[in-house]
Protein chains: 2
Amino acid sequence: MTDMRTKLAIEAGYLFQKKGYNGTGISEILAKVGVPKGSLYHYFPNGKSDLALAAAEIATAEVLRIIDASFANAKDYSDGVTTFCYKLAKYFDIHKGDIGCPVSATLHGGPDNAIFKSALDKTFTQWMDRLAAYATQLGQNEKDAMFNAQRLFLSLEGAWTLARARRDSDVIRELPAFVT
Amino acid sequence: MTDMRTKLAIEAGYLFQKKGYNGTGISEILAKVGVPKGSLYHYFPNGKSDLALAAAEIATAEVLRIIDASFANAKDYSDGVTTFCYKLAKYFDIHKGDIGCPVSATLHGGPDNAIFKSALDKTFTQWMDRLAAYATQLGQNEKDAMFNAQRLFLSLEGAWTLARARRDSDVIRELPAFVT
DNA sequence: CTGCCAGTAGACCGACCGGTCTATTATATT
DNA sequence: AATATAATAGACCGGTCGGTCTACTGGCAG
């Protein structure tokens, strides 16, 4: 079983994605995990903000894993993108369409802390770099690869926003038509 | 001078864009406008949520005005898009890069109220329809027009998110390269 | 002048916020 | 068994939240 620190961060991340940083109370997270306050501040001495950073880190890695899984057996870039969007749409649906981009929902709206902003920037860059790496690996020159990766990322963030407003993941699934 | 109701909604909207619905306190809005609580609940008997809906309505209309202004003298669709992105980047910069999409920042993270979600959806649809109308007017067939409008919108929401994380509006200004 | 009412003003409310603190229990080490 | 440390448990804190309520003010209508 995952250790308690991870368990807390995962549950916190899920709630942040759904209701945002300010919309999620410490006590709510605690209740979901079934843990008293003492434990939280034992694992996260700096409290809520550390919890959010840890949650964002986990979500960042999770999306990277999804990218890897999507491109593992991809015939070409377009194929990988399609699988990727399908997987994200499924993730969206699992949570009943009431969930934002795992990382931006968590870190935006938090303390206007520069740390939060730069963590967000770093995450986005990591995602785009990983996508670009697969594009390169699948035959694109570096310039095209970066261009396509950025275009995918930008559209994806928008698609996620629109999907949430509509409570309908179709726009995420249809994304490949817009970016390939 | 604008009436007090509008004044309250505008200031509230600005704060919601910056810190989100849950991150903005009633008292903070009141302090900025210089008005006591009694007045707020006189103009908005349902309190904060009504204030947010009014703010979103104003922001929705404002973006439509920006679209109109961008396409008023546009030679072609690409030209209008470029002007539009430029104007939005400027708007972003005016607020020191610490501001989200005027409407989604206000309505996401609010009460999970269906009214909020559907208002958000309606706003997005209005924006895309308006963009598509200009695309049609400038020579595109209806299918292409809707396709391009949606692609622009999706990328724009993403670009705004990325710009905010980076505190740099360049990605918004460079958007036309991705969607035309 | 009188009565009415939109609007102003802010004290006040219970609920909840994030965070601290002390006490207790489980676990590992010697 | 004795001790140290990790972890649990939750009472408690001051502050702030959104919202209600009463009192007052100013201008307009009769």
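Just so it is clear: chains get the letters A, B, ... in the order the sequence lines come, proteins before strands, and each one is counted from 1.
Rounded to whole Å, the distance from CG on Leu40(B) to P on dT20(D) is 11 Å. Per the geometry, CG belonging to Leu8(A) stands 12 Å off C1' belonging to dT8(D), to the nearest Å. Counting to the nearest Å, the C1' atom of dT16(D) and the CD1 atom of Ile29(B) are 14 Å from each other. The separation between Leu15(B) atom CG and dG18(D) atom P is 12 Å, rounded to whole Å. Nucleotide dG19(D) holds its C1' atom 13 Å from the CG atom of Asp50(B), rounded to whole Å. The NZ-C1' distance, from Lys48(B) to dC17(D), rounds to 8 Å in whole Å. As a whole-Å value, the separation of Asn22(B) CG from dC16(C) P is 15 Å. Atom-to-atom, OH of Tyr21(A) to C1' of dC17(C) comes out at 12 Å; the value is rounded to the nearest Å.
Note on Ser27(B): a side-chain N or O is less than 4.0 Å away from OP1 or OP2 of dC17(D).
The ring of Tyr14(A) has its center closer than 6.0 angstrom to the ring center of His95(A).
Using bins of under 30°, 30° to 60° and over 60° for the plane-to-plane angle, the ring pair Phe71(B)/Tyr134(B) lands in the parallel bin.
Contact annotation for Thr24(A): backbone-only contact, meaning every heavy-atom pair under 4.0 Å involves sugar-phosphate atoms and none involves a base.
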| message | Run Asn148(A) and Val179(A) through side-chain contact (heavy atoms from CB on, under 4.5 Å) and show every step you take. | response | CA-CA 7 Å; Asn148(A) 284 323; Val179(A) 296; over 6 Å; no

| Would Asp93(B) and Arg173(B) count as a salt bridge (charged side-chain N to carboxylate O under 4.0 Å, His left out) if you check the C-alpha gap in whole Å, the side-chain angles of each, and the deciding distance to 0.1 Å? | CA-CA 11 Å; Asp93(B) 286 334; Arg173(B) 236 176 300 264; 2.9 Å; yes

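Among pairs with a residue in residues 34-67 of chain A, none fulfils ring-ring contact (aromatic ring centres under 6.0 Å, His included), at least two apart in sequence or across chains.
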What does the list of N/O pairs under 3.5 Å between the protein and nucleotides 3-9 of chain C look like, with a distance for each?
from	atom 1	to	atom 2	distance (Å)
dG7(C)	OP2	His42(B)	NE2	2.4
dG7(C)	O5'	His42(B)	NE2	3.4
dT8(C)	OP2	Ser39(B)	OG	3.0
dT8(C)	OP2	Tyr43(B)	OH	3.4

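With sequence neighbours excluded, no residue satisfies salt bridge (charged side-chain N to carboxylate O under 4.0 Å, His left out) with Asp50(A).
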